[in-house]
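Each ligand, and each atom within it, is numbered from 1 in the order the structure gives.
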Amino acid sequence: MRTVYVDNNATTPVAPEVMKAMTPYFTERFYNPSAISGWVHGIDAAIARARRTVSEFLGASDPKEIVFTSCATESNNWAIVGAARAHQKRRHIITSKVEHPSVLEVCKSLSKDGYDVTFLNVDGDGNLSLDALMDAIRPDTLLVTLMAANNETGVIFPVDELSAAVKERDPNIIFHTDATQYVGKLPVDLNHNFEQVDLISFSGHKIHGPKGIGGLFIRGGTSLAPLLYGGHQENGRRSGTENVPGIIGLAKACEFAERGIEEMQRVKFLRDQLEKELLALFPSALVNGAKANRLPNTLNIAFREIDSETLLHQLSQSGVYASNGSACATGSLDYSHVLRAMEVPYDYVAGSIRFSFSRLNCAEDVKTIIEKMKKKGCR
Ligand code: PMP
């Protein structure tokens, strides 16, 4: 049976060249970069090269601005908790209702510790209002954390505009963006965009790199308290023996992404084709975030009075792997916080499916998805 993987916002397969680059660092080049054996075998130098590659990929001005973490969840936790600890006199944080749980849950936990958190609303297309953001800013606001692109809908927040407005109001507010879904799909060049952003989270496994490696860009001059204390690795900013194969793999994945960024036009064509054909096939279906600026690879589509869990299960049995944009993983009636914030109609919210492409998909995949969907009873 032909399988079609269209769940690339969840994770991506490791690219063969990434795997090849990493492999020696599990075996003959296993050394600890902080040990004498690591120096002798140039492991610390390999990490330095990888840091330079990642930094150049993002257009950072200094490789020291890149710190390796275990994943974007850690990067997000660190950005938020680290900013709060470093700016103890301020007690207010601004975020949105549609952030990834690795942002939302940290903010909720800080609010239990006495911080005030404003969770901004979005409109029916998932867009954020600049006016609402500006109205929320207070003299004690320490951090604004807003995602670059939403993992469920692909809706892009205009981070350049938002961060510039925040910094103009108060340059001492730290601006963090969770760019986990943006990086690798759209260009990040810190000389031209994200110029007013202090902290950027990203992750290896969303860009054909391995799981268990991520990064945080920390603009020079930004004060951030460490989250992990210990052996002073990563220039004393993030302790823990370095995940050397992961770091090498992340750097290779950045090279792979850099070469593939122009392929995103083709990916967008596949996404648009699927969207058009599904809407023709199921006229009552709705595209979540239809009018918003969206990532080129993501389609979140809602079918009326359909249980997406059942549909996804049927699709997976016929070899199509998509994802659920509506119900939480436990299958309870706790529907997606993102779609709830967008006030997707009740008879659609349970029937939302996310198809997320990567450059490894092709036109044949769209054809297969349509064939399989034709057999389903969506309205
Ligand atoms: N933020 C966003 C927007 C994501 O999509 C994800 C992964 N689903 C994360 C953060 C967490 O990434 P990781 O798996 O690397 O912890």
Salt-bridge test for Arg91 and Asp113: reply yes if a basic N is under 4.0 Å from a carboxylate O, no otherwise. no

With atoms numbered from 1 as shown, which atoms in ligand 1 lie under 4.0 angstrom from a non-hydrogen atom of Ser102? 10 (C)

min-distance protein heavy atom vs atom 8 (N) of ligand 1 -> Lys206 NZ, 2.9 Å

Arg138 with Asp116: basic N within carboxylate O range, under 4.0 Å: yes

Counting only heavy atoms not in Gln88 (residues, nucleotides, ligands), do more than 12 fall under 6.0 Å from its CD? yes

Top protein contact for atom 12 (O) of ligand 1, by heavy-atom distance: Ala72 CB, 3.4 Å

For atom 15 (O) of ligand 1, the closest protein heavy atom turns out to be Ser203 OG, 2.6 Å

Quick one: does His205 get an N or O within less than 3.5 Å of an N or O on ligand 1? yes

salt_bridge(Arg266, Glu263) N-O dist < 4.0 Å: yes

For Lys167, is there an ion pair with Asp198 - N to carboxylate O distance below 4.0 angstrom? yes

Option of least heavy-atom distance to atom 2 (C) of ligand 1 (set: Ile213, Asp178, Thr73): Asp178

Would you mind checking if Arg51 and Glu65 are paired as a salt bridge, meaning a charged N to carboxylate O distance below 4.0 Å? no

Should the proximity of Cys71 to ligand 1, defined as any heavy atom under 4.0 Å, be assigned to the side chain, the backbone, both, or neither? both

Identity and separation of the nearest protein heavy atom to atom 4 (C) of ligand 1: His100 CD2, 3.3 Å

Short N/O distance, under 3.5 Å, between Asn9 and ligand 1? no

With a cut-off of under 6.0 Å to the ring centre and 45° to the axis, is Arg219 in cation-pi contact with Phe194? no

What residue and atom, counting heavy atoms only, is the protein's closest point to atom 5 (O) of ligand 1, and at what distance? Gln181 NE2, 2.7 Å

At a non-hydrogen distance cut-off of under 4.0 Å, which region of Asn76 contacts ligand 1 (side chain, backbone, both, or neither)? side chain

Indicate yes or no: does Arg237 engage Glu234 in a salt bridge with an N to O separation below 4.0 Å. no

